[in-house]
Visitor: 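Below: one structure in structure tokens.
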Amino acid sequence: MDKIIFHIDVNSAFLSWSAVDALNKGADIDIRNIPSVIGGDESSRRGVVLAKSVPAKAYGIITGESLFSARRKCPNIEIISPCFHTYEKYSRAMMEMLSEYTPTIEQYSIDECFLQFSKSFLSEPVKFAEEIKERIKKELGFTVNIGISNNKLLAKMASELNKPDKVNTIYPSEIKEKMWPLQVEELFMVGKKAKEKLNKMYIYTIGDLANYNVSLLKDKFKSYGELIWQYSNGIDHSEVAATEGDIKVISNSTTLAADIIEKNQANKVLFSLVENVAARLRKSNKCCSCIAVSIRSSEFKNYSHQKKLMNPTDSTERIAETVQQLFDETWKREPIRLLGVSLSHLSEEGYYQLSLFESGKENKNRALDNAIDSIRNKYGDNVIKRFGSK
DNA sequence: TCTGGGGTCCTAGGACCC
DNA sequence: TCTGGGGTCCTAGGACCC
């Protein structure tokens, strides 16, 4: 135990960042101090709560619920549209600041990261975390929670303890007192389904899980049973990864403003999803050899269908052909609520192989893809349309 | 429940091989 | 082929995370 891990988590990230951005642009109210949420456009059926203010939380509003239901709980709730560019900007600013403190930093999501220090370097971790927290507040304008322990799991659990704007610890010696009394669904990786199953086994708290017979958990839940048992006992050997791992899937999906019932309409949407994923694929200098289409029906049933390719590709046209074919094979002619395209089995090797064997036609397609990519990079996504796209 | 979008990982079942 | 067992690959679906 010679290391100290911090988990840093921005409080209501999207809402805080929207608030700071508005204040910087001269707004006279701070949405953090009124009942407010960040949420999508209800008329295009993206109306769920992505983040909430503390006063909104007091009305019982929770992340993920519909705006309709949020408004029922608090009729004069302020609803703000998300702005992902803004969020990326503040996220980057925070990560850059935190990189000053240690090279061993892992960004876990847009608003969370882990920092690792050696114990000998850090004699007073809590005091140090307080300094970082205050600096973020002063220089960047938003608050964070910092959790401290000897491993990532405990640091993450610690940062959830007491919000917002707090520093908390869960050292191994504090697990019993601080973590075991919590409801089992508070444990990282225990979601709604697992909670229900665990409750049926009379496991209600993290402590109940920690003291349960691990081999019975393994019988019932396989490797997942052992994982959550270890977590409940504060066991986690994963490393803080300073370099990010290779991306494994590139996907894009969209909930449609109105259900689609015609193949033609579906094809237009699919093509724009393909353009998005294919451009991201080429930007990462990779090829894919597995393509999948997913469909959500108006009844909320999900289907997916995938196909492995003989040769890896990064061509918009080849991906689009496969996607069409997959869609035709999958669609049960029901009204469609959501369409998605995802590319997987990504490889760099395929990228080089491809250029050796591709035909004249494929060479032409590649030239077209590259030309469109560079125009869009310069002037934005909407300046140019392919023939056949919407 | 008037239920987003982008990811990761795991499991089960079937095909196919020796 | 009244029929085993182990390994690998592929597909579909689902749980979980932010």
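Since we're looking at a predicted model, the values are computed, not measured. Reminder, nothing fancy here: chain letters follow the sequence lines and each chain counts from 1.
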Visitor: Report yes if the side chains of Phe271(A) and Thr316(A) come closer than 4.5 Å at any heavy-atom pair, otherwise no.
Guide: yes

Visitor: Under 4.0 Å, heavy atoms only, any strand: does Lys197(A) hit a base, just the sugar-phosphate, or nothing?
Guide: nothing

Visitor: So if I apply the side-chain contact (heavy atoms from CB on, under 4.5 Å) rule between Ile319(A) and each of Leu273(A), Asp314(A), Val274(A), which one comes out positive?
Guide: Val274(A)

Visitor: Charged N to carboxylate O below 4.0 Å: is that the case for Lys283(A) and Asp373(A)?
Guide: no

Visitor: Which whole number of Å gives the distance between the P atom of dC18(C) and that of dT1(B)?
Guide: 23 Å

Visitor: Are any of the side-chain heavy atoms of Leu343(A) and Val249(A) separated by less than 4.5 Å?
Guide: no

Visitor: Nearest heavy atom decides the nucleotide; on that basis, is Arg46(A) or Ile247(A) closer to the 5' end of DNA chain B?
Guide: Arg46(A)

Visitor: Testing the 3.5 Å rule here: is there a donor-acceptor pair between the side chains of Asn145(A) and Asn11(A)?
Guide: yes

Visitor: Could you give the distance from OH (Tyr87(A)) to CZ (Phe14(A)), rounded to the nearest 0.5 Å?
Guide: 6.5 Å

Visitor: Starting from the first five and the last five pairs of the helix from dG5(B)-dC18(C) to dC18(B)-dG5(C), work out the angle between the resulting helix axes, to 10 degrees.
Guide: 10°

Visitor: Do Lys152(A) and Phe114(A) meet the cation-pi criteria used here (NZ or CZ under 6.0 Å from the six-membered ring centre, within 45° of the axis)?
Guide: yes

Visitor: With rounding to the nearest 0.5 Å, note down the distance linking OG in Ser253(A) to CG in Leu339(A).
Guide: 9.0 Å

Visitor: Please report, to 0.1 Å, the donor-acceptor pairs under 3.5 Å made by any side chain of residues 183-194 of chain A, with sequence neighbours excluded.
Guide:
residue   : atom : partner   : partner atom : Å
Glu185(A) : OE2  : Lys195(A) : NZ           : 3.4

Visitor: May I ask you to evaluate whether Arg296(A) reaches the phosphate of dG4(B), defined as a side-chain N or O under 4.0 Å from OP1 or OP2?
Guide: yes

Visitor: For Phe84(A) and dC18(C), what is the distance between atoms CZ and C1' respectively, to the nearest whole Å?
Guide: 11 Å

Visitor: Please state how far atom CD in Glu196(A) lies from atom C1' in dG14(C), giving the value in whole angstrom units.
Guide: 14 Å

Visitor: With no hydrogens and no angle check, do the side chains of Thr143(A) and Arg32(A) hold a donor and an acceptor under 3.5 Å apart?
Guide: no

Visitor: In residues 48-60 of chain A, what residues come within less than 4.0 Å of DNA chain B, judged by heavy atoms?
Guide: Val48(A), Leu50(A)

Visitor: Roughly, in whole Å, what's the span from CD in Glu112(A) to C1' in dC16(C)?
Guide: 14 Å

Visitor: When you compare dC17(C) with dC2(B), how far apart are their C1' atoms, in angstrom units rounded to a whole number?
Guide: 25 Å

Visitor: On the 0 to 90° scale, with breaks at 30° and 60°, tag the Phe221(A)-Tyr224(A) ring pair as parallel, tilted or perpendicular.
Guide: perpendicular

Visitor: Within the pair Arg337(A) and dT3(B), is there a side-chain N or O less than 4.0 Å away from OP1 or OP2?
Guide: yes

Visitor: Can you list everything that forms a salt bridge (charged side-chain N to carboxylate O under 4.0 Å, His left out) with Glu334(A)? Sequence neighbours excluded, please.
Guide: none

Visitor: Hey, does the side chain of Ser253(A) come within less than 4.0 Å of dG6(B)'s phosphate (OP1/OP2), counting only N and O?
Guide: yes

Visitor: Considering every strand and a 4.0 Å limit on heavy-atom distances, what is the contact class for Gly191(A): base, sugar-phosphate, or nothing?
Guide: sugar-phosphate

Visitor: Heavy atoms only, 4.0 Å cut-off, all strands: where does Ala292(A) land among base, sugar-phosphate and nothing?
Guide: nothing

Visitor: Rounded to whole Å, how long is the line connecting atom CZ of Phe188(A) with atom P of dA15(C)?
Guide: 17 Å

Visitor: Scan Arg280(A) against the nucleic acid and name what it touches under 4.0 Å (heavy atoms): base, sugar-phosphate only, or nothing.
Guide: sugar-phosphate

Visitor: Between atom CD1 in Ile77(A) and atom P in dC2(B), what is the gap in whole Å?
Guide: 18 Å

Visitor: Rounded to whole Å, how long is the line connecting atom NZ of Lys301(A) with atom P of dG13(C)?
Guide: 9 Å

Visitor: Just to be sure I understand the rule, does Thr63(A) reach a base, reach only the sugar-phosphate, or reach nothing, if contact means heavy atoms closer than 4.0 Å?
Guide: nothing

Visitor: I'd like a table of atom pairs between the protein and nucleotides 7-11 of chain C - only N or O on both sides, under 3.5 Å - with the distance next to each one.
Guide:
residue : atom : partner   : partner atom : Å
dC10(C) : OP1  : Lys308(A) : NZ           : 3.2
dT11(C) : OP1  : Lys308(A) : N            : 3.3
dT11(C) : OP2  : Gln306(A) : NE2          : 3.3

Visitor: Side-chain N or O of Asn302(A) less than 4.0 angstrom from OP1 or OP2 on dG13(C)?
Guide: no

Visitor: Does OP1 or OP2 of dC18(C) have a side-chain N or O of Lys156(A) closer than 4.0 Å?
Guide: yes

Visitor: Has Phe300(A) got its ring stacked on dT3(B), by the test of a centre gap below 5.5 Å and a plane angle below 30°?
Guide: yes

Visitor: Compare the minimum distances between each of dC16(C), dG5(B), dT1(B) and the side chain of Met189(A), then state the nucleotide with the smallest one.
Guide: dC16(C)

Visitor: Would one find a side-chain N or O of Arg45(A) under 4.0 angstrom from OP1 or OP2 of dG4(B)?
Guide: no

Visitor: Just by distance, no angles: are the side chains of Arg366(A) and Asn370(A) close enough, under 3.5 Å, to form a donor-acceptor pair?
Guide: no

Visitor: Can you say whether the rings of Phe121(A) and Phe117(A) are parallel (under 30°), tilted (30 to 60°) or perpendicular (over 60°)?
Guide: parallel

Visitor: Do Thr63(A) and Lys52(A) have side-chain atoms, one donor and one acceptor, less than 3.5 Å apart?
Guide: yes

Visitor: In residues 219-235 of chain A, which residues come under 4.0 Å of DNA chain B by heavy atom?
Guide: Lys222(A), Ser223(A)

Visitor: Is Glu42(A) touching bases, backbone alone, or none of the nucleic acid, heavy atoms closer than 4.0 Å?
Guide: nothing

Visitor: CG of Asp9(A) versus C1' of dC18(C): gap in Å, rounded?
Guide: 9 Å

Visitor: Which atom names give the shortest non-hydrogen contact between Thr205(A) and Pro181(A), and what distance separates them?
Guide: CG2-O, 4.0 Å

Visitor: What is the distance, to the nearest angstrom, from the CD atom on Gln107(A) to the C1' atom on dC17(C)?
Guide: 15 Å

Visitor: Starting from the 5' end of DNA chain B, give me the residue, Val249(A) or Arg72(A), whose nearest nucleotide shows up first.
Guide: Arg72(A)

